[in-house]
Structure formats: C-alpha cells, structure tokens
There are 2 protein chains.
Amino acid sequence: MLTPSCLQIVQIRIDEEKERTTFMVRLGGNEMRDGGDLKDGARERPTLKTIAFMTGLGITTVSRALKDAPDIGADTKERVRLVARQIGYQPNRAGVRLRTGKTNVIALVLSIEEELMGFTNHIVFGISEVLTGTPYHLVITPHASARDPMVPIRYILDTGSADGVIISRTEPNDPRVALMEERGMPFATHGRTNMGIVHPYHDYDNETFAREAVRRLVARGRKNIAIILPEGHLSYTGHSIKGFRDGLSLHGARSVPFDSVTVESPLTAIHDATRALMSGPDAPDGLISMAGGCTIAMVAGLEAAGKKLGRDVDLVSKQNSDLLKWIRPEIIAANEDIRAAGMELARAVLASIGGAAPESLQTLYQPSFAEDA
Amino acid sequence: MLTPSCLQIVQIRIDEEKERTTFMVRLGGNEMRDGGDLKDGARERPTLKTIAFMTGLGITTVSRALKDAPDIGADTKERVRLVARQIGYQPNRAGVRLRTGKTNVIALVLSIEEELMGFTNHIVFGISEVLTGTPYHLVITPHASARDPMVPIRYILDTGSADGVIISRTEPNDPRVALMEERGMPFATHGRTNMGIVHPYHDYDNETFAREAVRRLVARGRKNIAIILPEGHLSYTGHSIKGFRDGLSLHGARSVPFDSVTVESPLTAIHDATRALMSGPDAPDGLISMAGGCTIAMVAGLEAAGKKLGRDVDLVSKQNSDLLKWIRPEIIAANEDIRAAGMELARAVLASIGGAAPESLQTLYQPSFAEDA
DNA sequence: GATAATTACTGTAACGATACAGGAGATTTG
DNA sequence: CAAATCTCCTGTATCGTTACAGTAATTATC
C-alpha cells in the first residue's frame, strides 16, 4: 500500500493564465502521476482526483469507496471517507448528471394562478424541508395556466431536467399524468385523478369538507346553502360538489345556485356576486367557500348587502393559514395544511424515484375544523 | 462540401441490452465515422453529434455554428440551425456545465419566515417571468433564518451551483453580501446595504412610506402615532424608523412607543399587544404597519379594545396584495409590488452576470397609495 | 503444489459540450 | 508562380464522474 512518504513531487507546472498550479508526483516505483491542482488557499474545489492523490489510491477506488461498494476494503473506505470529510468533498453535480443521467432535481410545476394566501410559500417550504439533507435541489417551473400546461411537462421530459416532478391543480383526466406515466417519469400530484392510473398523490378530503360544512350549517339552523366552487375542470371541484350534494340530502338542506363566480375569480367579482346574491329574494342563510382568499371578499360582499355573519348567515370556509379568525371570528374555518402537503408530496416523489409502489404513496388528509380544537 | 448523398451507412450495431442502435457511416473519402445513435421514434435526445451526422459536419463545427462563431460560413450556420430546430435540439445542461462551469441557474435564497401574504409567490413568479425565454432555471434554496443564514450562501459558492444569487431580508451590514462580493459571485439583494459595497439591489422606499404615512395621519388630525416595525437587524427597519421620525418632526406629531412586537411576531401576540396598547392611557390615534399580515391582527386588536377605525384611530399599512380594502375599507394602504420586485431582481442578476456595472442595477420603487388612485 | 476462487484495487472509455491548435483549399500578394 | 493570407472546417483533450473489464496478490480447494 502506498503511504504518503513514498510520494514525491517532482515537477511543478504553473499556468499563469488559468491561475492554477499543477504538479506531477513520482510514486514508489518509477511511474509518474498527475497530482492534480495544488489548492491555493483551499479555494479550488476538491474532486475525486484530489482525494485519490491525497490517499494514494486510484480515482475509481475513491469513487467506489464513497459509494460503499462491496469490493473495497473496510479500512480503505474509512480512510477515504475521512479525507473526503476533511477537505469538504462534494460530488460535482454536472459530472454525476452527465455520466449517470441523474439530475438530483425535483421540479415543482406551478401555475401562476396558484396563489391564494401563501400556497406557494407553504408548499415550497414543505418540499424543501424534506429535501434538506438529501442531494436534491428544488427547481420551480412556472407556467401561465391559460396557456398549455403540457409545455413545462414536455420540457422536463424532453430535456431530462429532473428526476421527479410535483404538479398541482390536478384534473380528473389529466394529460400530464398520462404522459409522465408513459415516459416513466416519477411524479406526485397534489390532488387525485380518475383515469385508471395508479400514481402517487396527496390530497385533501374536500368531499368530506363540503359535506361536513353542510352539516355544521344545518346544525346552526341554516337550510338554504350556496357554495363557491373552484374552476370546473379541476379534480377537487368534483369532490366538492359530491360532498356538498351528499351533505344536502343527508342533512335536509337545499342548494342556492351560486355559479357566476369561482374561487379564482377576481375578488371584486366575488364581492359583487356575493352582494347580489345576498340582496336577492332567494338569499341563502348558509355559505361555503372552498378557499380562504375569496372568503374575505365574500364577507365584504354579504356585509355590503346588509347581512351580518352569525345572525343572518353563517359561513364555512377552508383556509391555508390561520388568518380568517382575525377577520371575522364568526367564520367557521377548516385548515388545509399546505406545508404538510408539500412534505407528503416530496416524500412521495422521492420514494417513487426509489422504486416504491405507487399505491403505497397516496395520502389523503382529513379536514380539521378550528372550532373543534 | 459534403452533401447527404456522399454519406453511406455501412455498419449497424444493435446493442440489445442498452436498447439502442448505433451505426457507422462511410464518408466521401474512405474514412469511417461513428454515426451515433439511430433514434427510435425520436425518443433519443438529439445532441451535437446527431446534428453533426445529419449535416455531415464535424461536432465542433456544429457547436460553433450554433454559437454564431465568426469562422463558420453563413450558409453552414443556416443549415445547422435549421436541422437543430427541426429535431428540437437543446444543449445538454450537464455537458455545458461540466465543460464551462456555467450552471444556467439562478438561486433564490429564502428565509422560511419570509411569508407575509404571498411574498414567496409574487417574487418567484416575478423572477420566473424574466427567466422565461432564457436558459436559466430557478432553484429555491431555503433556510431557517434562526440558523446561520450564511450556510446556503457558502454552499452555493463552494459548490458553484448557481451563476447568480438573489437574497432578501438584507441587513445594513450583511455578511452574505461581503462574501459573495469577495468571491465574485453575481447577486442582487432585495433591500439595500450600507457597507461601502456597490452592488445590484432592488428596494422599496420604506423611508418615504413611513414619512408619508405620518403625513396622511396628521392630515386626518392624528397626532399620537405608533408604528409596528420589522425585526431590528434588517435594513428596512432603519429606513422605516428614519422616515417615521422625519415625518413626526416634519408634521408635528409625536411617537407612541410600540416595540413589544414586530411585524414578524405571531399574530396572536400582535393582536394582544395592540389591544393592550389601545386600551391604555396613552393609546395612539394613529397606527402605522409595515406589513399587511400583521395589519389584520392589529385591526382585530384595536377593535377588541373597543376602538373603531376611522373614528377613534386611523391606520396606514403596507400590503403585498390588494386584500386589506376588503377587510376594512378604512385602512389607508400603500401597495408594494413584490412581483415587480422579483422582475427587477432577476433583471439585475442577469445583467450582473453579463458584466453590467452594479451602480446601473439599482432600483428603488416609490410607494403608491390606494387612496390616490 | 497446482488450480480455482476471492479480495482489493485500477485503467480506460464514455456521458455532451467547448477551448484550442491546427489544416486543407481558395484567394490575394509581390 | 511561390508565398502569404484568409475562409471554413476538424480532431483532440478536457471538465468530474461512473460502468466495465480487467489485474495482481492472497486465500481456499482438492
């Protein structure tokens, strides 16, 4: 085995233009070896070559030692790991990616319209929390949802720019899911699909939320209920409608139509529509909102119509953050923990990359109402 | 010049394990050339080699043609570009990065505490909008601000994992700025510094906002004013204080101390502190809030103390989104456009990478008050 | 004691791109 | 017409990593 003492630097090359100093060493025998760069003030980034030189081992050996390969001696592994840690070795991502195709990237595909009260923040930090301590980086790939949502997916697939993808705003029959499935790209969806493909997902039980919302309104004596829904093409719209209808028939209430706006409409439109609704002859006495942002405009709208929360009408709303209680404590709010969703999604993608079965990577969170706490 | 007709495929190798088909071609003369992979159903990703084969040119020529190098003929460039476009060539990022060190990545370093009403969303999509159409990807690098904020910066510098960095929560004497400056890493800060380093930044004129807030309160007859400030170590805290003090002396008002909480405190704490303040003997008749999120808790707090906005007290607040007017139309709000900030920051980093002078990459946005619109 | 198997390590090639140093052929120059 | 110049193109080496196909030395097998 080579020991440091049999290494001898015999030639130093100084390349002034590149500002680097390289050198040759003579080994125990007679052969010369390229010693790599001399690090000026530890500024040059260490590579496998650096460790190979410092330990007197071959580059391949070092690579395999750091991978804990079975054909490397235990003490050699220990020595290599020690040196690697000492000099702060970190694998060059471009080298690994070029050689193996592994990007160590998770792509989060977000629609610009995504935002209602901190959604992006929560999901990003949820994902990040899981990725911390792994070699994965998080790349945000945005798209204007009005344009083709397939564009970012195709880009990622065609360029192989991620090992796994997280998408949201899932639709029951989602072409993005079909394409990624076909191409064998690991992914997880925020929201379920209904197209015969078993895949990792995380979802919030919006059906239960809507049904439970009706129950709580009826328990307060409200029988005429309107709901403001998400855009029609999304998966959770269907779940919301089902829960709402089931709740109505289960608890004996009736639906007051309110479909001129969605939770994605401009707040002004929501405000005006709510005021019109609450001023009309068939004004509901119960309201359900599927998103916290629009709830604020609804409250303003119903008050502009002269109604008072808790007296003339009750309102059940989902929220991402704990904001609504500060606005009107009368609002009956259920929390959707988007940060936890991000964590579940990240865990699911990582496990999927690791080869776990998709049916084991599906989670559904139940609504928790603030008033039950 | 070689034309397609002088190319002749003479040998086809089928590698069944790797599921790829490669082939050799005979050129006009006698030499053989590796033709690269035959694309099965256009699934294999095209590389320079693919284009080289299709055009009959050398790989180097293709590379230089796509870079519009001066030593390549005009018609050759045209031909290469045509083929590249036809087959949807996109440079392999790992190849470029390994060879040149260029990552084509912009890192956005965010503190987990960043969020107040959609900040993350707005800045991410602002940056993305500028990066769209460039080869740059956006990587989110989060950190718990309680821990060492230098960690992500050092990681990026040590691993060379980005070409440019955007940071926020800038401090007057910010060690991150000093380090990136020293290492020559292009960056832009959200917020200014005060340490003798000229660097790209984007900032909101919080000093003017605070001074103007005082002016508007005094114009409504309010003379006893309290302000809720950001955490003390941040740059914009100092700007806010200066603007506030200048406003007080300029318009003849006095300060009511309110420093038991900051805009980052839990909303419950802000609520309670505001209620206590407004119930006390020295309750102010004017309030200034530097962030929209905490304004909501303040409103709830002052109302819990029996005060009424617009009658007993006026409140001036900054906001990222247009939410406050729905909560209490009496709130005097000024908008800070975070999406625009993201765009400015992205533009600044890109220009800095391109070698532009830092002093030309500094922008300061003026507050715009909703009531002036 | 010769052969086989095992252990521990190593060199070469390749991933896709580009910097660099040519190099053939046409064109200009003296 | 030879030499110099210009145009346009090309091969080689390299970035850092890993798959693969070895190899030398030691240990086990019969």
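Heavy atoms only: backbone and side chains are in, while hydrogens, waters and symmetry mates are out.
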Check [X] against [Y] and note the closest heavy-atom contact, atom names and distance.
X      : Y      : answer
B:L66  : B:A84  : CD2-CB, 3.9 Å
B:I72  : B:K77  : O-CE, 3.4 Å
A:L361 : A:S352 : CD1-N, 3.6 Å
A:P200 : A:F187 : CG-O, 3.3 Å
A:R45  : B:D158 : CD-O, 3.5 Å
A:L345 : A:T189 : CD2-O, 3.3 Å

Distance, rounded to the nearest Å, where [X] contributes [atom1] and [N] contributes [atom2]:
X      : N      : atom1 : atom2 : result
A:N104 : D:dG16 : CG    : C1'   : 14 Å
A:R64  : C:dG11 : CZ    : C1'   : 14 Å
A:L57  : D:dA24 : CG    : P     : 18 Å
A:K77  : C:dT7  : NZ    : P     : 12 Å
A:L66  : D:dG16 : CG    : P     : 16 Å
B:I51  : D:dC9  : CD1   : C1'   : 16 Å
B:D68  : D:dC8  : CG    : P     : 13 Å
B:I59  : D:dC8  : CD1   : P     : 22 Å

For B:V62 and B:V83, run side-chain contact (heavy atoms from CB on, under 4.5 Å): C-alpha distance rounded to whole Å, both residues' side-chain angles, the deciding distance at 0.1 Å, then the answer. CA-CA 10 Å; B:V62 173; B:V83 172; over 6 Å; no
Sorted by number, the residues of residues 91-102 of chain A with heavy-atom contact under 4.0 Å to DNA chain C: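 When residues 91-102 of chain A is checked for heavy atoms under 4.0 Å from DNA chain C, the hits, listed by number, are A:L98, A:R99.
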Check: [X] side chain, [Y] main-chain N or O, donor-acceptor pair, under 3.5 Å:
X      : Y      : value
A:D163 : A:K102 : no
B:S63  : B:I59  : no
A:R97  : B:R93  : no

Select base, sugar-phosphate, or nothing to describe what B:T47 touches, counting heavy atoms under 4.0 Å on all strands.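 Sugar-phosphate: the residue B:T47, judged by heavy atoms under 4.0 Å, touches backbone atoms but no base.
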Using a heavy-atom cut-off of under 4.0 Å over every strand shown, decide if B:T60 touches base, sugar-phosphate, or nothing.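 Result for B:T60 = base.
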Determine whether a donor-acceptor pair (one donor, one acceptor, N or O, separation below 3.5 Å) exists between the side chain of B:D71 and the base of D:dC8.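 Counting by modelled atom types and ignoring angles, no donor-acceptor contact under 3.5 Å is found here.
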Short side-chain N/O contact to C:dG16 OP1/OP2 from B:K49, under 4.0 Å: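 Looking at the OP1 and OP2 atoms of C:dG16, neither is under 4.0 Å from any side-chain N or O of B:K49.
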Phosphate OP1/OP2 of C:dG16 contacted by B:Y89 side-chain N/O (<4.0 Å):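 Answer is no, no contact under 4.0 Å.
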Under the rule of Watson-Crick or G-U wobble with both distances under 3.5 Å, where | means paired to another strand and [ ] a crossing pair, DNA chain C maps to ||||||||||||||||||||||||||||||
For a 4.5 angstrom cut-off between non-hydrogen side-chain atoms, does A:M54 reach A:I51?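 A side-chain contact under 4.5 Å is absent here.
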Between A:L48 and A:N92, does a side-chain contact (heavy atoms from CB on, under 4.5 Å) hold up when you go through it step by step? CA-CA 9 Å; A:L48 291 180; A:N92 181 306; over 6 Å; no
If you take any heavy atom closer than 4.0 Å to DNA chain D, which residues from residues 157-164 of chain A end up in contact?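 Nothing qualifies; none.
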